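Given the structure is predicted, the values throughout are model-derived calculations rather than measurements. Computation of the quantities below employed the complete heavy-atom set of this structure, encompassing side-chain atoms and omitting hydrogens, waters and symmetry-equivalent molecules. Lettering follows sequence order; numbering is per chain, from 1.
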Number of protein chains: 2
Amino acid sequence: MAETRDRILDALGTLLPEVGPAGATLEAVAARAEVSKGGLLYHFGSKEALFAGFLARLEEATAGEVERMRASADHGVETYLRISSVTDDHFTRTFLSALALIGTAEVDAAATVARVLATYRSAVEECVPDPVLARLVQLVGDGLYLNAMVGSLDPAEDDHVIARIVAMTRP
Amino acid sequence: MAETRDRILDALGTLLPEVGPAGATLEAVAARAEVSKGGLLYHFGSKEALFAGFLARLEEATAGEVERMRASADHGVETYLRISSVTDDHFTRTFLSALALIGTAEVDAAATVARVLATYRSAVEECVPDPVLARLVQLVGDGLYLNAMVGSLDPAEDDHVIARIVAMTRP
DNA sequence: ACCACTGTACCGGCTGGACGGTACAGCATC
DNA sequence: GATGCTGTACCGTCCAGCCGGTACAGTGGT
């Protein structure tokens with residue numbers, strides 16, 4: 001069942017920020033997903049496949065987020081930065097989990113994250129004519145993600161930064 | 001000998017970006033440092049102590065970097081951003097290694113990194129009067145680090161962004 | 001000058017436990 | 001009774017930490 005598969009990936013997503021890749025044991029993931037270890041290995045033949053499945057879903061979700069950016073009235077900049085600074089967003093959590101996967105032997109998470117960032121970058125460049133400014137916008141978003149990763153994010157305060165940047169991008 | 005201790009920590013620092021925390025076995029670190037496993041465990045009683053020692057050295061190095069910022073002619077902003085974007089710098093590599101440690105069970109690397117970022121933040125706030133702009137500068141720096149972590153950094157290109165920000169901070 | 005002893009630095013084999021992966025038996029539903 | 005899925009017992013590997021040992025540089029009593 002595809003539902004079970006997604007439940008397993010969700011379980012991995014909640015587990016990774018809590019205990020890191022080392023703590024994300026097959027048994028731990030199975031327990032969190034309320035599946036047996038055998039059941040997990042039925043859906044994902046190996047830990048590598050499990051992680052790869054997670055990263056694949058991240059890339060799909062990225063496409064969806066970029067679509068949301070394109071559809072937004074302000075041409076996406078604010079939408080982009082808001083997502084980065086809202087830590088309880090599902091996509092943000094998935095992205096942070098992927099960051100936690102960087103450095104694991106099983107899978108090249110860095111490459112996937114790099115692709116995700118590149119996708120975002122093209123999207124930002126679409127709605128900010130000045131390429132230097134576009135890159136600046138993206139770097140601020142990335143900075144927000146890094147701060148979210150280490151848990152030092154004050155969303156209320158960073159609202160002002162976001163507002164400033166949005167103002168810069170529409171003269 | 002303190003020299004051996006430092007050599008071990010250096011070995012860990014070069015190993016972490018290459019193979020990640022999972023690959024940074026006691027034996028692997030010992031081999032890289034040209035010490036036996038027993039010798040390593042003589043200096044660091046456990047893997048946790050090894051990682052903790054590495055993070056402690058990062059915090060010391062941070063103090064030194066902030067000092068360099070304070071001493072620089074341009075009031076630190078450019079110095080700060082340059083460090084973030086130069087991936088072969090010793091401090092940058094140490095910092096990226098610490099990022100790789102986030103999520104390991106042995107040690108709370110996120111807290112250390114958060115403290116390092118907070119230290120930098122105060123330093124930037126010292127030389128940029130506008131607090132919102134100061135935060136923006138710091139977020140761009142953090143964004144550069146994140147990009148360096150996933151290997152998607154084009155230093156030549158980001159020079160323009162740095163120049164733009166430096167211009168913004170001295171009207 | 002010599003020896004007994006102590007502390008420091010380092011070495012490498014061993015073991016117990018954890019974890020990834022396999023095998024297989026059970027149990028629905030069709 | 002076949003298929004899709006689940007649970008569990010088990011195996012092999014890998015690794016952290018332990019431990020018995022070596023080398024050697026003091027140190028101090030004689």
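Nucleic acid contact class of A:L26 (heavy atoms, under 4.0 Å, all strands): sugar-phosphate only.
The base of C:dG20 is paired with the side chain of A:K37 by a donor and an acceptor separated by under 3.5 Å.
Look at CG on B:L41: it is 15 Å from P on C:dA9, rounded to the nearest Å. Rounded to whole angstrom, the span from the CG atom of B:L40 across to the C1' atom of C:dT8 amounts to 17 Å. A:R7 places its CZ atom 12 Å from the C1' atom of D:dC5, with the value rounded to the nearest Å. What separates NZ of B:K47 from C1' of C:dA18 is a distance of 13 Å, to the nearest Å. Counting to the nearest Å, the C1' atom of C:dT15 and the CD atom of B:E27 are 13 Å from each other. Atom pair B:F44:CZ and C:dA9:P shows a separation of 13 Å (rounding to whole Å applied). One interatomic measurement links the two molecules: CD of B:E48 to P of D:dA16, which rounds to 13 Å at whole-angstrom precision.
At C:dC10, one or more side-chain N or O atoms of B:T4 fall inside 4.0 Å of OP1 or OP2 (strictly under the cut-off). Here B:H43 reaches the OP1 or OP2 of C:dC10: one of its side-chain N or O atoms lies under 4.0 Å away.
Between B:E60 and B:R57, none of the side-chain N atoms (NZ, or NE/NH1/NH2) sits under 4.0 Å from a carboxylate O, so this pair counts as no salt bridge. Ion pair B:R82/B:D159 flagged as a salt bridge, since at least one NZ, NE, NH1 or NH2 atom sits closer than 4.0 Å to an Asp/Glu carboxylate oxygen.
Counting only heavy atoms from C-beta on, B:S36 has its side chain closest to C:dG12 among C:dG12, C:dT8, C:dC19. The side chain of A:Y42 has D:dG4 as its nearest neighbour among D:dG4, C:dG21, D:dG7.
The local environment of CZ in B:R70 is crowded, with over 12 non-hydrogen atoms from other residues, nucleotides or ligands closer than 6.0 Å. Applying the 6.0 Å contact sphere to CD of A:E48 captures no more than 12 heavy atoms from other residues, nucleotides or ligands.
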